[in-house]
Amino acid sequence: MLRTHTCGELTAKHIPQVVSLCGWVERVRDMGQSTFIVLRDRYGKTQLVLPPDASNALREVVKQLKFEYVIRATGKVALRPAGQENPNLSTGEIELHLESVEILNECQTLPFLPSSPDVPSEESRLQFRYLDLRRDSMQRSLVLRSQITKKIRDYFERQGFIDIETPILGRSTPEGARDYLVPSRVHPGQFYALPQSPQIYKQLMMIAGYDRYVQIARCFRDEDLRADRQPEFTQLDMEMSFVDENDIMGMIDGLMQHLAREVLGLELKLPLPRMSYDEAMRRFGHDAPDLRYGLEIIDLTAWAKTTDFRVFRGTADAGNYVRALNVKGAAEAFSRKRIDELTTFVQGDFGAKGLAWMRLEANGWGGPIAKNFTEEQLQSLNKLVAAEPGDVILFVADSWETSCRTLHGLRRRLGAELQLYDPKEMNFSWVVRFPMFARDEEENRWAAMHHPFTAPLDEDLPKLESDPSGVRAKAYDLVLNGFEVGGGTIRIHDNPVQQRVFSLLGMSPEEAEHRFGFLLGALRYGAPPHGGIALGVDRLVMLFAGLDNIRDCITFPKTTRAQDLMTDAPNIVDERQLDELGLALKKQPTPE
RNA sequence: GGGGCGGUAGCUCAAUUGGUUAGAGCACCGGCCUGUCACGCCGGAGGUUGCGGGUUCGAGCCCCGUCCGCCUCGCCA
């Protein structure tokens with residue numbers, strides 16, 4: 001070892017040892033007679049001092065030092081003079097009196113300084129990721145990530161789970177997200193697909209009798225990116241046999257309690273609260289509501305039917321909905337301009353027809369639509385929305401889906417803008433009893449809301465053919481601060497039910513056999529009742545770290561156009577490589 | 001595929017209504033400084049204002065196109 005200690009561990013106890021430290025030069029403060037150097041490694045920082053009586057040889061070496069040089073420094077640990085301690089450093093009571101300095105490597109002038117308080121543009125950070133990763137905040141989030149995965153593994157090991165790996169090269173199943181494809185050389189014209197999740201493999205492991213499976217698995221989905229979505233991401237994937245929904249949720253409750261306690265020092269009360277999908281949509285317009293604040297949706301459809309205001313009445317009579325948010329005390333904050341902005345927002349982003357509003361003033365209701373209602377109607381509105389002077393009511397009159405999307409969007413935006421919650425709060429909850437099927441309007445058929453192996457609620461089984469929209473699933477999502485951090489289901493473990501579901505999805509037995517034959521076959525050979533869940537590790541880390549984007553807890557993330565700016569992937573390949581794979585390009589790539 | 005914000009020195013940013021030589025801090029180069037800790041001080045160098053076109057006497061600023069980054073809708077079983 002070139003070093004005897006790290007840059008984060010020396011204290012007064014080490015006086016007067018002679019030690020060697022290795023690290024990066026974070027700062028050089030040349031005072032003339034003496035020079036101070038801050039040496040950094042991932043453990044901390046230590047101040048090195050070139051004393052006034054240093055030899056000329058040593059002085060010459062120190063003079064060469066610049067930002068981010070890699071050096072080995074040897075010297076005597078000494079107490080700093082009284083009053084010169086630095087309370088911001090763990091090593092702040094001591095300093096190293098240099099006896100020798102060895103330059104292990106130089107560093108060219110940097111595109112940006114990792115130690116600078118200015119955060120460089122995302123573009124340069126991604127291009128020079130190895131420098132970005134030297135920044136303190138990146139090191140903190142990667143350490144946190146490591147702690148979280150460690151605690152996850154500890155927890156599941158204690159619970160008797162087996163960590164099992166499943167293939168990366170698999171078969172494309174054209175349900176769900178777009179697959180990343182990998183061409184086969186041995187079978188020209190055929191492709192593997194990278195896993196969107198180890199879903200089917202883990203079910204097969206249940207059938208094989210490994211009744212507690214867990215894996216921290218890389219998953220791939222070729223869809224457009226978001227702040228909380230990368231094409232390649234990490235799932236905590238688990239599956240159990242002989243269980244129902246409560247067992248899975250209970251197991252994850254315990255995991256979250258463990259993580260919150262061990263990583264954040266936070267005590268969670270179990271069980272984590274649960275809410276049905278229907279209730280979540282009714283109260284919050286979304287299946288992953290942020291429960292750190294209220295601002296719940298109020299349904300005014302029945303009231304709208306009692307009025308003569310054409311927009312509301314017409315919407316309600318047509319079987320659509322009039323729903324509202326009461327933004328408490330927002331009258332002052334909501335200028336005309338602000339409301340116009342919100343209107344543009346809901347129309348542009350969610351396709352809402354418009355945004356109506358009223359506000360309760362000291363002497364009654366104001367706003368452009370207030371005059372459309374009688375005194376009695378306003379009185380009953382008062383009660384319905386529990387209005388107090390200063391409140392602003394935002395109305396959305398639209399279809400169920402649009403009103404949900406719009407009001408959720410408004411709620412989220414206003415929650416952030418009006419700071420309705422404590423950003424440090426960690427609010428966990430479950431959303432349960434999802435619908436089994438959603439109508440695919442484009443293709444005019446039923447589609448599985450989760451995946452086609454999800455078990456319906458027993459009580460809803462009879463409705464499978466007669467009323468598909470009323471069938472609810474044994475499905476559950478874990479929600480943290482308005483982010484879906486995981487979702488799972490109890491699976492169908494017998495073949496007849498699976499066939500009924502396929503048939504409802506418009507999949508003939510032959511087609512099902514063709515696509516999922518191996519799974520259907522396995523289900524006939526003694527499949528235990530089983531279910532599981534997958535949690536988004538990146539999102540979990542992001543939220544535990546208080547970050548607002550997933551890239552900041554991923555070492556080498558991709559841009560919103562799915563490129564790696566450091567390696568410049570994806571990229572063109574040699575003609576020869578294509579030949580070997582039996583591939584020819586339809587469109588020649590344009591050279592950059 | 002749609003919408004929004006942004007791109008000016010290596011980095012972070014500024015530049016009035018379209019106006020004269022595009023500025024500052026940090027970094028870089030040279031020098032000074034006896035205890036600094038985002039050290040300080042003096043001096044120097046550094047610009048295809050993302051790229052291409054247009055309007056104009058004149059464009060960093062206006063218009064059109066395009067590329068890149070971020071946010072977002074669609075998409076993500």
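Per chain, numbering begins at 1; letters A, B, ... match sequence-line order. Just so it is clear, the model here is predicted, and its values are computed rather than measured.
- Contact annotation: side chain of A:Asn86 to base of B:C37, donor-acceptor pair present below 3.5 Å.
- Counting non-hydrogen atoms under 4.0 angstrom, A:Gln196 reaches nothing in the nucleic acid.
- Within 4.0 Å (heavy atoms only), A:Arg405 reaches sugar-phosphate atoms of the nucleic acid but no base atom.
- Stacking between A:Phe36 and the base of B:U36 is present: ring centres sit under 5.5 Å apart and the planes differ by under 30 degrees.
- When the C1' atom of B:C76 is taken as reference, atom CZ of A:Phe483 falls 15 Å away, rounded to whole Å.
- A:Glu95 comes within 4.0 angstrom of a base, heavy atoms only.
- If you check every strand for non-hydrogen atoms under 4.0 Å, A:Met449 touches sugar and phosphate atoms only.
- No more than 12 heavy atoms of other residues, nucleotides or ligands lie within 6.0 Å of CZ in A:Arg412, so this atom counts as exposed by the packing criterion.
- Relative to the side chain of A:Arg551, the nucleotides B:G74, B:C70, B:A38 differ in distance, and B:C70 lies closest.
- Between the side chain of A:Asn549 and the base of B:C70 there is no donor-acceptor pair of N/O atoms closer than 3.5 Å.
- Judged by Watson-Crick or G-U wobble contacts below 3.5 Å, the nucleotide B:C70 has B:G4 as its partner.
- Closest to the side chain of A:Ser121, from the set B:U12, B:G69, B:G35, is B:U12.
- Remark: C1' of B:C5 and CZ of A:Phe345 are 15 Å apart, rounded to the nearest angstrom.
- In this structure, B:U49 forms no base pair with any nucleotide, since neither Watson-Crick nor G-U wobble geometry is met with both distances under 3.5 Å.
- To the nearest angstrom, C1' of B:G30 lies 12 Å from NZ of A:Lys66.
- Salt bridge A:Lys202/A:Asp237: present, at least one basic N to carboxylate O contact under 4.0 Å.
- Partner assigned to B:C32 is B:G40, using Watson-Crick or G-U wobble distances below 3.5 angstrom.
- A:Asn88 comes within 4.0 angstrom of no nucleic acid atom, judged by non-hydrogen atoms across all strands.
- Shown here, B:U21 forms no base pair; nothing in the strands shown gives a Watson-Crick or G-U wobble contact with both key distances under 3.5 Å.
- Screening A:Arg551, A:Lys558, A:Arg221 for a salt bridge (Lys or Arg N to Asp or Glu O under 4.0 Å) involving A:Glu232 leaves a single residue, A:Lys558.
- Across all strands, A:Ser116 comes closer than 4.0 Å to no nucleic acid atom at all (heavy-atom distances).
- Of all nucleotides listed (B:G35, B:C76, B:G69), B:G69 comes nearest to the side chain of A:Glu122.
- Note on ring orientation: taking the six-membered ring where Trp is involved, the planes of A:Phe453 and A:Phe502 are perpendicular (angle over 60°, cut-offs 30° and 60°).
- Minimum atom distance to the side chain of A:Gln33 is reached by B:U34, of the listed B:C76, B:U34, B:U36.
- A:His408 has its NE2 atom 13 Å from the C1' atom of B:C73, to the nearest Å.
- Side chain of A:Gln84, nearest nucleotide from B:C68, B:U36, B:U12: B:U36.
- In this structure, A:Gln563 reaches the B:G69 phosphate: one of its side-chain N or O atoms is under 4.0 Å from OP1 or OP2.
- Contact annotation: A:Arg27 side-chain N/O to B:C39 OP1/OP2 distance is under 4.0 Å.
- Between A:Glu85 and A:Arg80 there is no salt bridge, since none of the side-chain N atoms of the basic residue sits less than 4.0 Å from a carboxylate O of the acidic one.
- Nearest nucleotide to the side chain of A:Pro81, out of B:G74, B:C71, B:G35: B:G35.
- At whole-Å resolution of the value, CD1 in A:Ile94 and P in B:G35 are 20 Å apart.
- As judged by a 4.0 angstrom heavy-atom cut-off over every strand, A:Thr406 is placed among residues making no nucleic acid contact.
- Whole-Å rounding puts the A:Glu68 CD to B:C28 P distance at 11 Å.
- Nearest to the side chain of A:Arg80, among B:C37, B:C68, B:U72, sits B:C37.
- For the pair A:Pro52 and A:Ala448, nearest-nucleotide mapping onto RNA chain B gives the more 5' position to A:Pro52.
- Relative to the side chain of A:Ser124, the nucleotides B:U12, B:A38, B:C71 differ in distance, and B:U12 lies closest.
- In this model, a side-chain donor or acceptor of A:Asp224 finds a partner on the base of B:G74 within 3.5 Å.
- Picking from B:G69, B:C75, B:C71 the nucleotide with the shortest atom distance to the side chain of A:Thr560 gives B:C71.
- In the set B:U36, B:C28, B:C76, the nucleotide with an atom closest to the side chain of A:Glu223 is B:C76.
- Classification of the A:Tyr130-A:Phe128 ring pair by plane angle, with boundaries at 30° and 60°, yields perpendicular.
- Computed from coordinates, the A:Asp179 CG to B:C76 P distance equals 13 Å when rounded to whole Å.
- Annotation for A:Arg218: atom CZ does not count as buried by contact number, only 12 or fewer foreign heavy atoms lying within 6.0 Å.
- Side-chain to base pairing of A:Arg221 with B:C76: no donor and acceptor N or O lie closer than 3.5 Å to each other.
- At least one side-chain heavy atom of A:Val471 sits under 4.5 Å from a side-chain heavy atom of A:Pro456.
- Proximity of A:Arg226 to the phosphate of B:C73: a side-chain N or O atom is located under 4.0 Å from OP1 or OP2.
- Heavy atoms of A:Pro117 sit under 4.0 angstrom from at least one base atom.
- In this structure, A:Thr109 does not reach the B:C28 phosphate: none of its side-chain N or O atoms is under 4.0 Å from OP1 or OP2.
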